[in-house]
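What follows is a short report on a single structure.
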Amino acid sequence: MTQLNWSRIVSLLFIIPSVFSVLAESEDDWKTESNLWYSLRIGGATAGVLQTAMAVNKKTGHYRSSENMNLTIQRGEDKVRLSFVTEMEEDSKGHVLSAGYTQTMAQDTVEMSYTFTDDKVKVRSVQAGTVRNSDAPAVSKDHLGKAAIKRKVLAAVQEDTDTITYGTIKPELGADIVNVQSTRLGQAMVDTGAGGVQTYTWETVVVGMPLKVKEWIDINGDVLKMHIDAGTGLIEAEISTQEQAINKAKNEKASPELVDSTNVILSAPNPKLHSWSGAKRARYVVHSKSGDNDSLDLPAQGYQQVKRRSDGGVYVVVDLQTASPASDEDKNDREHIEPSAMVDSADPLVRGIAEKALQESGQHTSLNTAAETEALDSREVYQRAQILRQGVQRHIKKFDLATGYASASETARRASGDCSEHAVLLAALLRADGIPSRVCSGLVYTERQVPNTEGHCDKDDLGCQKNQAMYTVRGSFAWHAWTQAIIGGKWVDLDATLHHTPYSVGHVLMGTSKLSDRTGHADEMKLVSMVGNLKINVEDITM
């Protein structure tokens, strides 16, 4: 069964709050202003710890901040440890000079850093010892770093201002400025374990992102408590001591489960949705469980068509005979064809896998440039794309849910991973052959045996009826990742985890990402409100 890497999204959820900040150790010129510890919970289960601190340079007035979060989560039968560290330095006016993050999940460590100058942003990524440097467009000075945001929040309280807006840099969302709005809701007492503390309650929203973050902030501007109501369960951070936070995490017996709990269960299994059924078209009705159907902004791209219903829900049609045209903007977007830290299509091993697949097909001998691909007939481009898809299948020999969100080159070296690794590696092979590509996030139909909740007989009960089975088959949609390629001017879906067909009607597309160095994980964050918040009905299937 294939799963989207939701542990990665959970790690991003904790980064949204605007005033969390930390520093590991001060240098001689740096004075630590705060050093705080939090206990983290997801769905009521302790998931890990968060350390935060902030320091100021006594000579320059610059501020450094970072966050150090450690989580343990459950992905199916695998328990995975995840570490996420963000860092930022800003000048005395609040302009960000540098920012970055380091993510470690299972065996994978990814480092990404941004240095902001007047004429560009210098981007540096490191994964598995491979260093990649690139440039992104310069950003406006109209933004604030974390220390400046903290000052702005305190000023708003003193001036009795209820709403503040600002732009900022969030390195996990890329090098672009994101806009934030915070609204003061009132006052509340927070029990810190050492007594009650008066706080101001704020609701924070990153514009264009689907979630609201509730924060309880004291008179010093420190966050004492934070809540995010997500489909993975209520996500909480509460102020603690270092010892208490670490001990809570160590003593938790049940880590938060982020796979089965996010599946969309159907009223009955439907085998026609399997990839081997040969179905050509399927129509679904999708609703939001919470009633917030405005958040169902599903893309009409690839083989998927979308139409709004009068009740606020969405008709989704997956037609394998009708691919949507790529826009001129998409066709001209160099980020669909150029290498990035994740889709590192220029890596020699990645290119070698692509060349080997083409040569072993007996029909092609070498990789194409983008210009050469544009000159080909669309049928030949499609054929090459299918050969590369099959090359990914042959190369990834171990399906592993415990793998982190690896880059294409790391997957090429390790030859293991889940659907995310299949999708990213295929995107890289396509780009290596001059075919524009991107990675898709969505749902795929799956079936599994589960205990019969309608009751069954004990196996030793002689009166047990044969038709009262102990297990039943459950049909559901599980989070998944695959790839899209521009072929003949259209976006074509390709799933490298499937063996019977390149794609199936049992897919529902939720979003796409170029996985560029500039945009980071912003595209993934837009999906978070849908996790655990969907209802899907199968209306009809055409064979």
Side-chain angles (χ1 to χ4, degrees), residues 13-23 31-38 50 52-56 61-67 86 88-96 99 139-170 173 177-230 234-240 292 294 529:
L13 285 171
F14 281 109
I15 312 301
I16 294 177
S18 57
V19 292
F20 272 173
S21 18
V22 246
L23 185 71
K31 176 185 176 183
T32 299
E33 290 200 338
S34 64
N35 185 17
L36 306 172
W37 285 79
Y38 300 84
L50 172 70
T52 76
M54 184 175 285
V56 61
H62 291 189
Y63 280 86
R64 282 183 181 171
S65 58
S66 63
E67 302 160 341
T86 62
M88 177 180 289
E89 182 170 342
E90 62 195 89
D91 64 21
S92 58
K93 296 180 180 179
H95 299 146
V96 177
V139 301
S140 164
K141 292 285 188 181
D142 188 18
H143 69 266
L144 300 175
K146 294 186 178 182
I149 294 170
K150 188 172 183 177
R151 295 194 296 268
K152 190 176 183 72
V153 170
L154 291 174
V157 171
Q158 294 170 359
E159 297 166 4
D160 201 27
T161 301
D162 289 334
T163 301
I164 56 175
T165 58
Y166 52 88
T168 189
I169 301 294
K170 293 184 178 292
L173 300 182
I177 294 175
V178 296
N179 295 311
V180 179
Q181 177 174 298
S182 293
T183 302
R184 187 169 54 164
L185 304 179
Q187 298 185 48
M189 295 293 293
V190 172
D191 184 1
T192 64
V197 175
Q198 185 69 45
T199 65
Y200 294 93
T201 308
W202 291 82
E203 185 176 80
T204 299
V205 177
V206 177
V207 177
M209 301 294 170
L211 292 177
K212 296 178 180 179
V213 181
K214 193 173 182 181
E215 301 166 293
W216 287 259
I217 301 176
D218 67 12
I219 59 172
N220 298 313
D222 293 324
V223 175
L224 302 188
K225 186 166 69 170
M226 181 271 290
H227 284 178
I228 304 174
D229 192 3
L234 180 64
I235 299 176
E236 306 168 83
E238 292 190 355
I239 195 76
S240 182
D292 180 20
D294 289 340
S529 66

Practice prompt. To the nearest 0.5 angstrom, please state how far the CD1 atom of I239 sits from the CG atom of L36.
Written response: 4.5 Å
Item to complete: List the steps, then state whether side chain to side chain contact (heavy atoms under 4.5 Å, CB included) holds for Y63 with E33.
Response: CA-CA 10 Å; Y63 280 86; E33 290 200 338; 3.6 Å; yes
Worksheet, complete the sentence: Scanning both residues in full, the closest heavy-atom pair of S140 with I177 reads O-CD1, 3.5 Å
Practice prompt. May I ask you to check whether over 12 heavy atoms, not counting those of I219, lie within 6.0 Å of atom CD1?
Written response: no
Practice prompt. Starting at CG of D142, measure out to NE2 of H95 and round the result to the nearest 0.5 Å.
Written response: 8.0 Å
Item to complete: For G94 and A148, work out which heavy atoms get closest and say how close.
Response: CA-CB, 3.7 Å
Worksheet entry | Verdict with reasoning, N179 to T165, per side chain to side chain contact (heavy atoms under 4.5 Å, CB included) | CA-CA 7 Å; N179 295 311; T165 58; over 6 Å; no
Item to complete: Answer yes or no: is there a donor N or O on one side and an acceptor on the other, between the side chain of N220 and the main chain of D222, under 3.5 Å?
Response: no
Practice prompt. Check whether any side-chain heavy atom of H227 sits under 4.5 Å from a side-chain heavy atom of E236, and report yes or no.
Written response: yes
Worksheet entry | Gap separating the OG1 atom of T168 from the CE atom of M88, nearest 0.5 angstrom | 5.0 Å
Discussion item. According to ring pair (Phe, Tyr, Trp, His ring centres under 6.0 Å), who are the partners of W202, at least two apart in sequence or on a separate chain?
Written reply: none
Worksheet item: K150 and G221: which non-hydrogen atoms are nearest, and at how many Å?
Response: CE-O, 3.6 Å
Practice prompt. Could you check S182 against V153 for side chain to side chain contact (heavy atoms under 4.5 Å, CB included), going step by step and ending with a plain yes or no?
Written response: CA-CA 9 Å; S182 293; V153 170; 5.8 Å; no
Practice prompt. Grab the two heavy atoms, one from W216 and one from M226, that are nearest each other, plus how far apart they are.
Written response: CE3-N, 4.1 Å
Worksheet entry | Gap separating the CD1 atom of I228 from the OG1 atom of T204, nearest 0.5 angstrom | 10.0 Å
Practice prompt. With side chain to side chain contact (heavy atoms under 4.5 Å, CB included) as the test, would you mind laying out the steps for Q198 and M189 before giving the verdict?
Written response: CA-CA 5 Å; Q198 185 69 45; M189 295 293 293; 3.1 Å; yes
Fill in: Value rounded to 0.5 Å, distance of CZ in R64 from OG1 in T32
10.5 Å
Practice prompt. Decide yes or no for E215 and T199: does some side-chain heavy atom of the first lie under 4.5 Å from some side-chain heavy atom of the second?
Written response: no
Worksheet entry | For Y38 against V223, the heavy-atom pair lying closest together | OH-O, 2.5 Å
Response to the item:
Closest non-hydrogen contact found for K214 with T201 is CE-CG2, 3.3 Å
Discussion item. Let me confirm one number: the NZ-CG distance from K225 to D191, rounded to the nearest 0.5 Å.
Written reply: 9.0 Å
Response to the item:
Test side-chain contact (heavy atoms from CB on, under 4.5 Å), reference H143, set I169, V180, V178, output is I169
Practice prompt. Quick one: list whatever passes side chain to side chain donor-acceptor pair (under 3.5 Å) with H62, sequence neighbours left out.
Written response: E89
Worksheet item: Any side-chain donor paired with an acceptor under 3.5 Å for T86 and E67?
Response: yes
Practice prompt. Would you indicate whether the side-chain heavy atoms of E90 and K146 approach each other to under 4.5 Å?
Written response: yes
